[in-house]
Number of protein chains: 2
Amino acid sequence: MDELDSEIIRLLQTDARQSNRELARQLGVAPSTCLERVRALTRRGVIRGYHAEIELGALNRGVQAMVSVQVRPLSRSVITTFKDSVSRLPEVLSVFVLAGGDDFLLHVTAQDLDHLHAFLLDRLSQRKEIVGFRTSVIFQRVHNTVLSRLPDVAAEG
Amino acid sequence: MDELDSEIIRLLQTDARQSNRELARQLGVAPSTCLERVRALTRRGVIRGYHAEIELGALNRGVQAMVSVQVRPLSRSVITTFKDSVSRLPEVLSVFVLAGGDDFLLHVTAQDLDHLHAFLLDRLSQRKEIVGFRTSVIFQRVHNTVLSRLPDVAAEG
DNA sequence: GTTGAAAGAAAGAACGA
DNA sequence: TCGTTCTTTCTTTCAAC
């Protein structure tokens with residue numbers, strides 16, 4: 001992970017569809033060098049994939065919400081089963097397994113508030129392992145799609 | 001947004017770097033047709049961009065957390081200023097503006113727990129508009145990178 | 001809106017430094 | 001590890017359907 005790798009990662013996060021030639025031109029290296037670097041990054045698992053970002057409204061997903069969930073018992077099997085089945089629901093964008101007060105946080109989308117409500121009642125309330133959940137509608141989201149490598153220094157204190 | 005558009009969106013969410021030819025082949029249409037559809041989707045803002053997905057550990061971001069934040073006063077200027085400045089911090093992946101008990105939810109990353117702690121103390125605790133925040137470390141995340149269009153039907157009830 | 005053909009551009013592999 | 005060259009493949013335009 002030298003400077004060149006970091007730059008490649010930055011450029012591909014910004015625009016994953018630019019050509020290898022264009023990438024090489026911006027980096028000031030030969031296309032073959034660039035291609036080999038990208039392959040090595042992919043082989044090492046640093047680059048996990050390339051995804052188009054789609055406007056949620058166009059996917060009939062005009063409403064977003066965060067749902068914090070508590071389940072019981074807190075056994076491995078209950079957590080795994082809940083995580084796997086909930087992440088397969090089409091409304092669910094992300095499932096976060098948390099430490100602390102809540103066990104899960106679900107980032108969900110729906111066509112509108114009626115559909116969100118129906119999702120909560122039909123898909124969550126029915127589950128026996130859920131002992132409580134709390135829903136917060138999302139007014140707005142700011143998403144950083146380009147992440148830099150954090151400096152590799154020790155924390156203070 | 002017909003069936004062909006939906007399929008293009010699905011395929012580009014799965015792999016944004018596949019060639020237009022390959023896309024066309026999978027859809028059973030001519031490459032020129034596919035190219036024109038992709039352009040139209042981009043022009044209409046349905047396709048917002050193409051991003052490489054990078055392994056967070058490679059970016060020195062081995063620890064993730066969710067931070068729920070309450071700010072006061074709840075004025076437009078306080079909310080906007082907070083949202084804008086926090087979203088510019090390198091540790092912050094997403095800022096969610098919420099309805100309900102908490103005002104914001106921050107998805108943050110850090111090199112380790114020490115750095116996360118330092119971030120909370122140095123970047124959040126210092127802010128005068130924050131009247132409280134609660135941090136939950138993320139054990140695990142399941143992320144759906146391919147989203148289908150939700151069915152366009154009325155909710156029950 | 002969709003297609004196929006043609007020109008130009010890029011990818012991918014081999015090889016050498 | 002990097003750059004050059006060459007062959008194959010792809011992108012993109014455009015006239016026609």
Side-chain angles (χ1 to χ4, degrees), chain A residues 1-61 145-153, chain B residues 1-61 145-153:
Chain A
M1 280 298 292
D2 59 4
E3 189 56 39
L4 190 56
D5 284 337
S6 295
E7 268 299 287
I8 288 174
I9 285 172
R10 188 180 65 76
L11 291 170
L12 284 179
Q13 283 180 103
T14 307
D15 178 10
R17 269 193 89 100
Q18 61 191 309
S19 72
N20 183 62
R21 278 186 117 79
E22 174 62 17
L23 220 56
R25 196 191 60 73
Q26 291 186 63
L27 297 167
V29 298
S32 57
T33 302
C34 190
L35 189 63
E36 179 48 34
R37 289 295 192 120
V38 171
R39 281 179 178 164
L41 288 168
T42 305
R43 216 181 310 121
R44 282 191 278 148
V46 173
I47 297 175
R48 298 176 66 104
Y50 306 96
H51 309 289
E53 181 190 355
I54 306 298
E55 205 259 315
L56 288 177
L59 296 175
N60 253 341
R61 295 168 183 269
T145 52
V146 182
L147 302 176
S148 60
R149 189 160 202 277
L150 292 179
D152 198 0
V153 293
Chain B
M1 280 296 292
D2 58 6
E3 189 55 39
L4 190 57
D5 285 336
S6 295
E7 268 300 287
I8 288 174
I9 284 172
R10 187 179 67 76
L11 291 170
L12 285 178
Q13 284 181 103
T14 307
D15 178 9
R17 265 188 95 90
Q18 60 190 309
S19 72
N20 183 62
R21 265 188 121 76
E22 174 61 17
L23 220 55
R25 194 191 61 74
Q26 291 185 64
L27 298 167
V29 297
S32 52
T33 302
C34 189
L35 188 64
E36 177 49 34
R37 288 294 193 120
V38 171
R39 282 182 176 159
L41 288 168
T42 306
R43 215 181 310 122
R44 291 192 325 218
V46 173
I47 296 174
R48 299 176 66 103
Y50 306 96
H51 310 290
E53 180 191 354
I54 306 298
E55 205 259 315
L56 288 176
L59 296 174
N60 254 341
R61 296 167 183 269
T145 52
V146 182
L147 303 175
S148 58
R149 187 159 204 276
L150 293 179
D152 197 1
V153 292

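Residue numbering restarts at 1 for every chain, and letters A, B, ... go by the order of the sequence lines.
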K.L.:
Around atom CZ of B:Arg48, are there more than 12 heavy atoms of other residues, nucleotides or ligands at under 6.0 Å?
P.N.:
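Not buried by this count: 12 neighbours or fewer within 6.0 Å.
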K.L.:
Can you tell me the distance, in whole Å, between the CG atom of B:Leu27 and the C1' atom of C:dT3?
P.N.:
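Computing the B:Leu27:CG to C:dT3:C1' distance gives 15 Å.
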K.L.:
Provide, to the nearest angstrom, the distance between the CD atom belonging to B:Glu22 and the P atom belonging to C:dA11.
P.N.:
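It works out to 16 Å between those atoms.
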K.L.:
B:Arg149 vs B:Asp5, test: salt bridge (charged side-chain N to carboxylate O under 4.0 Å, His left out). Steps then yes/no.
P.N.:
CA-CA 10 Å; B:Arg149 187 159 204 276; B:Asp5 285 336; over 6 Å; no
K.L.:
Give the rounded distance in Å between these two atoms: CD of A:Gln18 and P of D:dT11.
P.N.:
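From A:Gln18 CD to D:dT11 P: 16 Å.
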K.L.:
Whole angstroms only, please: what is the CZ-C1' distance between B:Arg21 and D:dT13?
P.N.:
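Computing the B:Arg21:CZ to D:dT13:C1' distance gives 14 Å.
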K.L.:
Considering every strand and a 4.0 Å limit on heavy-atom distances, what is the contact class for A:Arg25: base, sugar-phosphate, or nothing?
P.N.:
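No contact.
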K.L.:
Does any donor-acceptor pair link the side chain of B:Ser32 with the base of C:dG4 at a separation under 3.5 Å?
P.N.:
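For B:Ser32, whose side chain was compared with the base of C:dG4, there is a donor-acceptor pair (under 3.5 Å).
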K.L.:
Nearest to the side chain of A:Asn20 - C:dA11, D:dT11, D:dT13?
P.N.:
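Nearest to the side-chain atoms of A:Asn20, counting from C-beta on, is C:dA11.
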K.L.:
CZ of A:Arg17 versus C1' of C:dA10: gap in Å, rounded?
P.N.:
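Answer to the nearest Å: 13 Å.
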K.L.:
For a quick check of understanding: with a heavy-atom distance under 4.0 Å over all strands, which category does B:Thr33 fall into, base, sugar-phosphate or nothing?
P.N.:
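Counting heavy atoms under 4.0 Å across all strands, the contact made by B:Thr33 includes a base.
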K.L.:
Looking at the side chain of A:Val29, which of C:dG12, C:dT2, D:dG3 is the nearest nucleotide?
P.N.:
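Output: D:dG3.
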K.L.:
Provide, to the nearest angstrom, the distance between the CG atom belonging to A:Asp5 and the P atom belonging to D:dC2.
P.N.:
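Atom-to-atom, A:Asp5 to D:dC2, this comes out as 9 Å.
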K.L.:
Looking only at heavy atoms, which two atoms of A:Leu11 and A:Gln18 are closest? And how far apart?
P.N.:
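Answer, listing the atom of A:Leu11 first, then A:Gln18: O-NE2, 2.9 Å.
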K.L.:
From D:dG3, C:dT2, D:dT1, pick the nucleotide closest to the side chain of B:Arg37?
P.N.:
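Nearest to the side chain of B:Arg37 among the choices is C:dT2.
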K.L.:
A:Gln26 has an atom CD; how far is it from atom P of C:dA10, in whole Å?
P.N.:
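Going from CD in A:Gln26 over to P in C:dA10 covers 13 Å.
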K.L.:
Looking only at the side chain of A:Leu4 (C-beta and beyond, no hydrogens), which of the listed nucleotides C:dA11, D:dC2, D:dC10 gets closest?
P.N.:
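Per side-chain heavy atoms of A:Leu4, the pick is D:dC2.
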K.L.:
How close or far is atom P of D:dT5 from atom CG of A:Leu35, stated in whole angstroms?
P.N.:
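These atoms are roughly 18 Å apart.
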K.L.:
Closest heavy-atom contact between A:Thr14 and B:His51?
P.N.:
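For A:Thr14 versus B:His51, the nearest heavy atoms are O-ND1, 3.9 Å.
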K.L.:
Might you work through the salt bridge (charged side-chain N to carboxylate O under 4.0 Å, His left out) test for B:Arg43 and B:Glu36, ending with a clear yes or no?
P.N.:
CA-CA 10 Å; B:Arg43 215 181 310 122; B:Glu36 177 49 34; 3.3 Å; yes
K.L.:
For D:dT13 and B:Arg39 - does any side-chain N or O of the residue sit under 4.0 Å from the phosphate oxygens OP1/OP2?
P.N.:
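It does, given that an N or O in the side chain of B:Arg39 lies less than 4.0 Å from OP1 or OP2 of D:dT13.
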